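Below is one structure; the comments refer to it alone.
As the structure is a computational prediction, the values presented were derived from the model and not from experiment. First the proteins, then the strands, lettered A, B, ... as listed; each starts at 1.
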2 protein chains.
Amino acid sequence: MLVTKSTQTSPTSPGRVLGVLRAEGPLTRQELQERVGLSRVTMVERLDVLRRLGLVRASGHRESSGGRRAEVLEVNDTGRTALVADLGQSHATLAVTDLRGTVFARDDHRLPVRHSPQEVVPVLLDAGRDLLNRTDRADTLCAMALSVPGQIDHERGVTVAPPTMPDWNGKPLREPFAEAFGVPVLLENDANALALGDYYAMGRPDSALIGVKVGTGIGAGVVISGRIHRGESGSAGEIGHMRIEGSEQRCSCGRRGCVAASASGQALTRDLRSTGVRTLADVVRRVGEGRGDAVRAAAEAGRLVGTVVATMVTIVNPRYVRVGGAIGVLPPFLEALRRTVEANAHASALRNLDIEPSQLGENGAFVGLAGLVADEMLSPATVDAMVANLPPAQPERT
Amino acid sequence: MLVTKSTQTSPTSPGRVLGVLRAEGPLTRQELQERVGLSRVTMVERLDVLRRLGLVRASGHRESSGGRRAEVLEVNDTGRTALVADLGQSHATLAVTDLRGTVFARDDHRLPVRHSPQEVVPVLLDAGRDLLNRTDRADTLCAMALSVPGQIDHERGVTVAPPTMPDWNGKPLREPFAEAFGVPVLLENDANALALGDYYAMGRPDSALIGVKVGTGIGAGVVISGRIHRGESGSAGEIGHMRIEGSEQRCSCGRRGCVAASASGQALTRDLRSTGVRTLADVVRRVGEGRGDAVRAAAEAGRLVGTVVATMVTIVNPRYVRVGGAIGVLPPFLEALRRTVEANAHASALRNLDIEPSQLGENGAFVGLAGLVADEMLSPATVDAMVANLPPAQPERT
DNA sequence: GAACTTTTGTCAGGTTGGTTAACGTAAGTT
DNA sequence: AACTTACGTTAACCAACCTGACAAAAGTTC
C-alpha cells in the first residue's frame, strides 16, 4: 500500500520554512512570510530559531523602494561539513565539502584491481580522518556519503553484487563509517551520484534528468521529482549489463552480449589493445589526439549506448541528459550518442531535450553526494528534530 | 525550481484523515486515531464531517476482545459517480461508474476510421447524457474522465498530435465536456489509463508498475509512486513510434522503422493480409485457433516489443509489468515478450519482476479512469475544499 | 538635517483548534 | 447481572498563532 508518510510536522514548522527557502531561493522576510502563510510575529520566531541553528544567513539587500532596504535571506549551506567518498573499480577519492559541494580538501587513492572491503574500508577510515583534520571543519561534520560502482540495499546499508567486484557482495558499508565518524552515512550508486551532481548543479529543476556514466563501466541514473528513482530492487538505471541484440561479446560480468561488453571503457581498452593501448587513459589520450581507430571505436560505442539512451529518453521523457565518465565526455562518443538518440527516440520526447556532457568534471560525484547530504540534513523532518533539541532562548539576563 | 507544493491544509484536516483511511485500508476509529495522531474528541468531529459528506462508511466489525466490537470504517468510493470514456482509433466506449470502477452502464460506438473531433465530440456528449439518464446516478456525478490514443497537454486540456489521427491535433477536449456536464474533466492517454487500471486493481501497491498496451497501436504507461510519470512533454512511455535497429518498415506515422510498424496490431493485419486476414479481430481469432503463420507473427511481434520492454524494465526496475490490448494478451505474444525480457534485461531487475497479462479485460481503461477521478475527488485538497463549503452542523434544534 | 517611508522587532490581548478529564451510553462477553 | 470495550459529549484548559499598537533601524527626499 502506498502510505502517505505523515512527517507529522505542521506545514509552518521551522523545518518547512527552511524548505520553502531552499526551494524558492533567496527571499526577503516578507516574501517568505507570504509563501509560508505566517504572521510577521511568528515568522520572526521561526527565523530566530533557524538562525540560532546556523541554517539561514543574510545574502544581501533588495533595492530600496523609498525606505529601509529589505534583507535577503538564504539557506546557509556552507556552515556544515560532509565527508564524501567516490569509490571506483581501481581508485577511491575522498573529499571534505560543505553542503553545496564546495571541496575543501581531497585525496586520491589508487586501489588494487581486485580489492576487497576488508582492505579498503580501513584505508578509507584513516584517509577520512586525516582529511578532516587537514581542514578546520571536523567539528561541523554532519554526515558522510559514499558512492560505489554497484547496487545498494538502502534498507540494510549494504552493497549488492557488483558483478565485477564479487568480494563486495553483501558487505555492510554504512555501519563501519557511521561508527567511526559518529554521523549518518548515505550510500549511493556512482552513476546516480553523478546524475544528482548534474541535477543539483542545474539548480534543482522541476524536470526529469537522466545521467549516463561511461567510464570503466556503464551506468545511468534517473532523477524524477528531485529524487533518484531506485526501483524495486535498487537497480533502476543499471543499463551496463543489459543485453543488446546481435552481440555475443563476452562481458566481465560472465554473461555475453552486455552493452558494457562492447561499449565500456574496459571494452574499448580491450578492442584497441592491438594498436598499443593498455589503459583507459590511453584510450582517452588517443581519442584526444584524433587517432582514427580510437575515434572510430569511441563513436561506435557512443552509437551503441545511444540506442539504449534513446529508449530511456522515450520512456522517461526527461528535459536533460547529462553524459559523464572518462569515455562519456569524449566528443566523438557524445556526438554519436546524440545522433543515435535523435534518430531513434520518439519525436516528441526530442523536443526540449537537452543532451550535454556532464558539467562537473572530476567533482561530479562530490556535488551529488553533498547534495544528497543536504537533502537529508536540511529536510523539514531533520530540521524540526534539531529544533526540538535546541535549548530554549535565554531571556536576556540582566 | 522544485517547489514543495504547499497545499496548506493541516496534517490533521478531514481531507488528510480520509487520505490515511484511503491509503491504509479499512480501519477502526482507534487505529485511524493512532495513525493520524488526533485525540478521540477531535477524531469524532472529523469523522462526523466526512460522514456528512458521504465519504466514509462502516464496513463491518472487528472481533470482540471482550467488550463491544470496534466498527471498521472505509472510504465510501461507491457513492459518487464518474462518467468515463475510452476513445480508440475506430471506436468509443462510454461508461457510468463509481469511483472504484464498478460499471453501471456502458455503451459502445463504432467510429469512422478517420474521424474528426467535430464529428465525435457531439456524439459523445449525447451518448454520455443518455447513459447517465439510463442510471439513477446522474445527480451524484462528480467528474468525467476521458482516455485518448495520443498525447495530452494537461495544462491546456488539449490533445497533441496523435500521429495517426492528424485531425485531433491541438483540439480542446476538456472544455466541451466540462461545459456540457458541469464537472471537472480529466484527460489521459489510453496506455496510461490501462496501466493505472491494473495498478488500482492491485490495490495501489507501493512499487512501480509498467503497463504495455498492444492493440491497433503500441503504447506504455509508467506508474511511479502511485502516479503516472508523464515527463517533460507528456510523451513518457510512448514507445510505439521509437525506431528499432534493422527495420525500414514504413509506419502509419510517416516515418520508417518504428516499433509499431512491425509489431502493432495494424502491422500484423497488414503482414497477414496475404493469408486472408482483413481486420485486427481476424488476427486475434487466427492466433486463438493456433494457425501457424498467425502465431509466428504474434510471437515475432512479442519478441520485438520485448526488446523495448527489457530496456524499460532495466531502467525503471518495476515490480509489475502488465500487458494489455487485443494483441498484448495473446499467449504467443506474451510468451515471446516475457522470454525476450528475461534474456535481455539486467539480471537484478528480473528478480521480483512479475510479467502478466492485464487483469481487467475490457474494463481496464474504465478502472484506470475511475481511479484517476477518485484520486482527484478524494484528494485532501478537494475534500478540505468540500468541507469548507459544508453547512455547519445544526445543533439539534429542540 | 528634517521629514518621510519602509523594514524589522516586540509587547499585549484575543482567537482558534486542538488537548485532557470525566461522565454516560451502547454493545459486546463471561 | 457483572464486566469489558467502544464510542459520543461536555467542560475546562492550553499552546500556537493572530491582530493591533508601538518603537527602533535604515533607507530616501527635500
Find the distance B:His61:NE2 to D:dT5:C1' and express it as a whole number of Å. 14 Å

Between D:dC7 atom C1' and B:Glu34 atom CD, what is the distance in whole Å? 16 Å

Without hydrogens or angle criteria, can the side chains of B:Arg46 and B:Ser13 be said to hold a donor-acceptor pair below 3.5 Å? no

Please say whether more than 12 non-hydrogen atoms of neighbouring residues, nucleotides or ligands are located less than 6.0 Å from CZ in B:Arg156. no

Taking side chain to side chain donor-acceptor pair (under 3.5 Å) as the criterion, tell me which of A:Asp98, A:Thr140, A:Thr135 meets it with A:Thr81. A:Thr140

Pick from A:Leu47, A:Val387, A:Leu21, A:Leu378: which one makes a side-chain contact (heavy atoms from CB on, under 4.5 Å) with A:Leu55? A:Leu378

Between A:Val44 and A:Ser65, who's closer to the 5' end of DNA chain C by nearest nucleotide? A:Ser65

Out of B:Arg22, B:Arg204, B:Arg100, which residue meets the salt bridge (charged side-chain N to carboxylate O under 4.0 Å, His left out) rule with B:Asp77? B:Arg100

Distance check: side-chain N/O of A:Ser64 vs OP1/OP2 of D:dA26, anything under 4.0 Å? no

Taking A:Tyr320 for its side chain and A:Tyr199 for its backbone only, find out whether a donor-acceptor pair lies under 3.5 Å. no

Using a 4.0 Å cut-off on protein heavy atoms (strictly under), produce a 5'-to-3' string for nucleotides 18-25 of chain D with B for base contact, S for backbone-only sugar-phosphate contact, and - for none. SBBB---B

Looking across every strand, which nucleic acid part, if any, lies under 4.0 Å from B:Arg46 by heavy atom: base, sugar-phosphate, or nothing? sugar-phosphate

A:Leu209 and A:Ala195: which non-hydrogen atoms are nearest, and at how many Å? CD2-O, 3.6 Å

Return no unless some side-chain N or O of B:Arg29 is found under 4.0 Å from OP1 or OP2 of D:dG8. yes

What's the separation between atom CE in A:Met43 and atom CG in A:Asp48, rounded to the nearest 0.5 Å? 13.0 Å

Between B:Ser64 (side chain only) and B:Arg69 (backbone N and O only), is there a donor and an acceptor less than 3.5 Å apart? no

If the cut-off is 4.0 Å, is B:Gln30 near the phosphate of D:dA6, judged by side-chain N/O to OP1 or OP2? yes

Measure from CD on B:Glu31 to C1' on D:dA6 and round the result to the nearest Å. 13 Å

Reading DNA chain C 5' to 3', which nucleotide is the first, and which the last, to come under 4.0 Å of any heavy atom in chain B? C:dG18 to C:dT29

Categorize B:Glu71 for me: base, sugar-phosphate, or nothing, with a 4.0 angstrom heavy-atom threshold over every strand shown. sugar-phosphate

Gap between atoms CD and P, on A:Glu63 and D:dT28 respectively (whole Å): 9 Å

